[in-house]
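The structure displayed is predicted, hence computed values, not measured ones. Below, each value reflects all heavy atoms present in this structure, side chains not excepted, and no hydrogens, waters or symmetry copies.
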Amino acid sequence: MSDIIRLLPDSVANQIAAGEVIQRPSSVIKELVENSVDAGASEIKIFIKDAGRTLIQVVDNGKGMSPTDARMAFERHATSKIREAADLFSLHTMGFRGEALPSICAISQIEIRTRNEGSQIGTKLEINATRVESQESVACDKGTNILVKNLFFNVPARRKFLKSDNVELSNIMREFERLALVNNSIRMSIDTGNKVLDLKPGTFHQRIEDLWKNSLDLHLIPIEVDTALIKISGYISRPEYARRRNPLQYLIVNGRNMRHPYFHKAITGCYDSLIAPDTQPCYFLKFQVDPETIDVNIHPTKNEIKFEYEQDIWPILQAAIKAALGKFGAVPSIDFTVDAVPIAPIKGGKLPEEPVINVPEDYNPFKGTAIGNPYQWKGENYKKNNNSNWDKLYSDFIKGAHGFAEERNLKEVRHDRLPEMSENSMPGNICLQFAEKYIVTTSNDGILIIDQRRAHIKILYEEFYSHLKSGMATSQGMMFPDSIEIEPSQHNALEDILPELTRAGFRIEYDSDNKWNIIGIPSFLKNVDSRDIVKRMVETVDDSGNNYGKEGKDSINLLQKLSLEMARGAALNYNTKLTDEEMENIVSRLFALSDPKYTPNGNKIFHLLDISFLNSSFR
């Protein structure tokens, strides 16, 4: 049998490595800018054409390279950053693997001009997919000027899966923000063709303000702690400025951006009792640790970092954040306007007797409030709604019902299955509201429990989508325009979907800096937060990179997504008390739909407690 194992050609090996290191144009910018930082540049300029497909150019005034170094830099695993394995644990540079430049040149056409400080003449090098086509001496400025042309030109499958220009530009701007934040002492600029951003060197706080303008302004709390194990500095946001979407969260260790879920949890845990459960704080924190105590050689992108003493750092981080929140008054205070519940003094070491509640003979638990006891006990020292017993009663009932089913091993009862709706299963005329969240009604097959918000979302979604897909929606002008702030990295995402938003009836105009004005909304849209809907749409595009409204396999109907976001904004919330007429209206409209079972994103709307389950519960 002949031998079948062969060494891969360098060109193939480089393309394989490029699949890990270079995922999209923003990855190229990250690697080239980090090389400029390692070269000691004090000024870095970035130029983009066609969202990086046609051209990515990075110009710096760093050390530059000699003719030999310029040629060697594009060989695999050739680097000036380390010499031996022990150097991996004392890194003071961004790069060290020697994979970035070979990976980039394997999938593009490269032109580089470079000159080091001791030379009068520089070097020009041209490489086409790892093949060196020319090298000559040229006159150029000190530093390095590298042009990456026609990215993925020889890997059509990778080029095909790039998103729209605006989506890719959004990713480029987000990567630029990360790089600019870490290197606040370096002047950095970017020119995308339709936007120029020039950031002057300054303090960490100044760089935050330059990047996000008025979005954060006076909302930041400083943090400064220095221990033998770690030095932590930076800023966290006040609790009242926590964000529901797109929180600005940056962790930096020894000048390197990182993702670290463990430390993220430590930070957000300090806000547990201060912010709503569906919001996230913003933070910009720098860690300074001994390089020997971390390992950055986990992934080619070098964003995942292991800490030797992460469990010891956790309490230091939490203590620093809690101290900062307390120092600047960002902790809950006692509200003395709320009626307190005094506790009766204990006499003789005995607890006070439980109050006796006299239940009226005509009391009906199915009338009055949906939950809780509708009458009150008037004690000598306090007055209080006694709802806890009713919550416990319901909890015990549910546990008991499931307990009977499990005890009798009733495999034919499927609580997680949504039965097919027949004519006998259609809801009756009697509706009750439970916990101001569910609508309970009857059918011939059992009891229907309907999630009121999901049902309303489904109803409104079908109505809004019907309006939008029928053609150009009419727009209703707003007497007072809604002003929204969009992050710089999201401007391109908004521009990408602006035509479809206009077709849907939204009229949005650019104001200045990061501000846009909503001057019109669809005429059929009532009582909604238009800013919330627009932000949801922008963040969906920005996060997923979907090509809304574009041709192709991965295209998504933006009108469907927009209809869902409008429905979410207009639907009634939980903890909303409904009248009998309102409940009947929701139930009848829901079951008039062709598919009332699930919301547009697949959440179950109602659950049927069938007769067999109810009968088994009383055996």
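Formation of a donor-acceptor pair under 3.5 Å by the Gln433 side chain with backbone atoms of Thr576 is found in this model. A donor-acceptor pair is defined here as one N or O able to donate and one able to accept, closer than 3.5 Å; such a pair exists between the side chain of Thr268 and the backbone of His264. Of the possible donor and acceptor atoms, none in the side chain of Arg589 sits under 3.5 Å from a partner among the backbone N and O of Ile459. Side-chain N or O atoms of Ser588 include one that pairs as donor or acceptor with a backbone N or O of Asn585 at under 3.5 Å. Looking at Asp511, its side chain never comes within 3.5 Å of a backbone N or O of Asn517 through a donor-acceptor pair. Between the side chain of Ser170 and the main chain of Asn166, a donor-acceptor pair closer than 3.5 Å is present. Looking only at distances, a side-chain donor or acceptor of Thr502 sits under 3.5 Å from a matching main-chain atom of Leu498. Within the 3.5 Å criterion, the main-chain N or O of Ala266 finds a donor-acceptor partner in the side chain of Gln318. Side-chain atoms of Glu168 come within 3.5 Å of backbone N or O of Lys163 as a donor-acceptor pair. Ser237 contributes a side-chain N or O that, together with a main-chain N or O of Cys282, makes up a donor-acceptor pair within less than 3.5 Å.
Taking each heavy atom of Leu274 and Cys270 in turn, the nearest pair found is CD1-O, 3.8 Å. The heavy-atom pair separating His456 from Ala570 by the smallest distance is CE1-O, 4.3 Å. Across all their heavy atoms, Leu317 and Phe263 have their closest contact at CD2-O, 3.8 Å. Among all heavy-atom pairs drawn from Gln452 and Leu578, the shortest one is OE1-CD1, 3.6 Å. The two residues Lys577 and Glu582 make their nearest non-hydrogen contact at O-OE1, 4.1 Å. For the pair Leu211 and Glu177, the tightest heavy-atom approach, listed with the atom from each and the gap, is CD1-O, 3.8 Å.
For the pair Met566/Phe506, a side-chain contact is recorded, criterion being any heavy-atom separation below 4.5 Å from C-beta on. Put simply, the side chain of Trp212 reaches to within 4.5 Å of the side chain of Leu248, judged on heavy atoms. In this structure, the side chains of Arg568 and Leu564 come closer than 4.5 Å at one or more pairs of heavy atoms. You'll find the side chain of Ser443 reaches within 4.5 Å of the side chain of Leu608, heavy atoms only. The shortest distance between side-chain heavy atoms of Pro522 and Thr474 does not fall below 4.5 Å.
Taking the charged nitrogens against the carboxylate oxygens, Glu436 and Arg453 have no contact shorter than 4.0 Å, which rules out a salt bridge. Using a 4.0 Å cut-off between charged nitrogen and carboxylate oxygen, Asp529 and Arg531 count as a salt-bridge pair.
Ring centers of Tyr250 and Phe284: under 6.0 Å apart, within the cut-off. Between Phe606 and Phe591, the ring centre distance stays below 6.0 Å. Between Tyr262 and Trp314, the ring centre distance stays below 6.0 Å.
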Assess whether side chain to side chain donor-acceptor pair (under 3.5 Å) is satisfied between Asp451 and Tyr574, documenting all intermediate values. CA-CA 9 Å; Asp451 186 302; Tyr574 296 124; 2.8 Å; yes
Criterion side chain to side chain donor-acceptor pair (under 3.5 Å) on Asp610 and Ser612, from CA distance to verdict: CA-CA 6 Å; Asp610 55 28; Ser612 60; 3.0 Å; yes
Would Thr599 and Asn601 count as a side chain to side chain donor-acceptor pair (under 3.5 Å) here? Give the steps. CA-CA 5 Å; Thr599 62; Asn601 54 338; 2.6 Å; yes
Given side-chain contact (heavy atoms from CB on, under 4.5 Å), test Val534 with Leu494 step by step and report yes or no. CA-CA 9 Å; Val534 172; Leu494 176 56; 4.2 Å; yes
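With sequence neighbours excluded, the residues that form a side-chain hydrogen bond (donor to acceptor under 3.5 Å, both in side chains) with Ser530 are Asp482.
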